[in-house]
Amino acid sequence: MEQYLNTAIKEVITKFPNVGKILEEYEIGCVPCSVGSCLLKDVVEIHDLPEEEEQVLMARIAGEIYPGREIKVHRVERNGKNRSKELKYSPPMKRLVDEHALIKRWVALIPRVLEALDMKSAEDTYLILEGVNFIRSYADRFHHAKEEDILFKYFDENSELLKTMLEDHVKGRGHAKATSEALDKKDREGIVEHLTAYRELLTEHIKKEDEILYPWMDRSLSVTQVGELFSRFIEADEATDRKGIARCESFVLGVEKHFGKEVTK
Ligand SMILES: [Fe+2]
Ligand SMILES: [Fe+2]
C-alpha cells in the first residue's frame, strides 16, 4: 500500500478506476482535476478527513488495489501542527505561509543591513544587490507569481481585497527597481528609502494575507479546488530554478549569520 500512497493520484485512478469513484463519494474530486500530480497520500492529507472516516476510505481503496487481501493502512502523517491558538491553513495555503516566513526573515534584517551599509565596501553593496535579487527571485517570481498566476485566478480579481494585494505587489516591484537604480548611482539615501519602504509594505502585506486573505480563501474554496491548487503549486515549484531558490535561502541564512544571530519578526 505504501507504494500506492506515494504514487500520483491520476496514475492510481487510471489503474484502479473504482478508486476515483470512492474518492468522489467523499467529495474528493481527483477525477475531474486536470492536473492530478498529487500523490495519493497528499490527497488524503489535504482533505484531512476525521480519523474514522479516513480509515474507512483507506480500507476501501486498499480493497480495490489488493482485492481479497487484508491490508493494514496507518493514518497518513500530517505535516501541519494543529495548535489551537494558531490559524489552521489548508496545505496549499500553508505552503504560501511558509514562504512568507523566509521573506519575513529577510525583511526583519533590513534595518540592520541599512544601518551598517558602507557604500565604499564592496561586500556591503554586494549584499544590497543580493537583497534585491532575493526580492525579485524569491518574493516576486517564486512567491507572488504563484499568488497572481494560480491562487488569485480562483477569485474575482476586481474585488477590493485582491486589487489591494495586486497593487502591493506592483509597489514592491517598484521599490526593488528603485533600490537597484540607487545602487547603480551609489545613492545610499535612495537605497535606505526604498528598502525601508519595502520592509513596511511587505510586513503589512504578509500580515493581511496570513490573517485575512488566506483564511478567507480557505473558507471559500471547495475541497476539489484546494486539491487542485496544491497540485498546481507543486507543478509551479517543480518548474522553478531550484538553484536560484537555494541561493535565496542561503542568502538569508548568510546575512543572519553575518549579524551574529537570527533576527525574526
Ligand atoms: Fe501577496
Ligand atoms: Fe504572499
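First listed ligand is number 1; within each ligand, the first listed atom is number 1. All values below come from the heavy atoms of this structure, side chains included, with hydrogens, waters and symmetry mates left out.
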Query - Ring centres under 6.0 angstrom apart (Trp216, Phe155) - result: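 Yes, the ring centres sit under 6.0 Å apart.
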Requested in this report: I would like to know whether Arg219 and Tyr214 meet side-chain hydrogen bond (donor to acceptor under 3.5 Å, both in side chains); could you show each step before the answer?
Outcome: CA-CA 9 Å; Arg219 287 195 300 277; Tyr214 294 169; over 6 Å; no
Query raised in the report: Hey, does the side chain of Gln225 reach the backbone of Ser222 with a donor-acceptor pair shorter than 3.5 angstrom?
Result: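 Yes, Gln225 side chain to Ser222 backbone: donor-acceptor pair under 3.5 Å.
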Report task. Name the orientation class of the two ring planes belonging to His194 and His175 (parallel below 30°, tilted from 30 to 60°, perpendicular beyond 60°). Result ->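 The arrangement is tilted - the two ring planes meet at 30° to 60°.
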Query raised in the report: With distance as the sole criterion, is a donor-acceptor pair present between the side chains of Asp210 and His100 under 3.5 Å?
Result: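 A pair is found: one side chain offers a donor N or O, the other an acceptor, under 3.5 Å apart.
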Requested in this report: Mind listing the protein N/O/S atoms less than 2.8 Å away from the Fe ion (ligand 2)? Waters don't count.
Outcome: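 As for protein N, O or S atoms lying under 2.8 Å from the Fe ion (ligand 2), they are His100 NE2, His143 NE2, Glu147 OE2, Glu209 OE1.
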**Report entry** Verdict with supporting geometry, Lys208 and Asp168, salt bridge (charged side-chain N to carboxylate O under 4.0 Å, His left out)
**Finding:** CA-CA 11 Å; Lys208 276 185 275 184; Asp168 284 353; 3.3 Å; yes
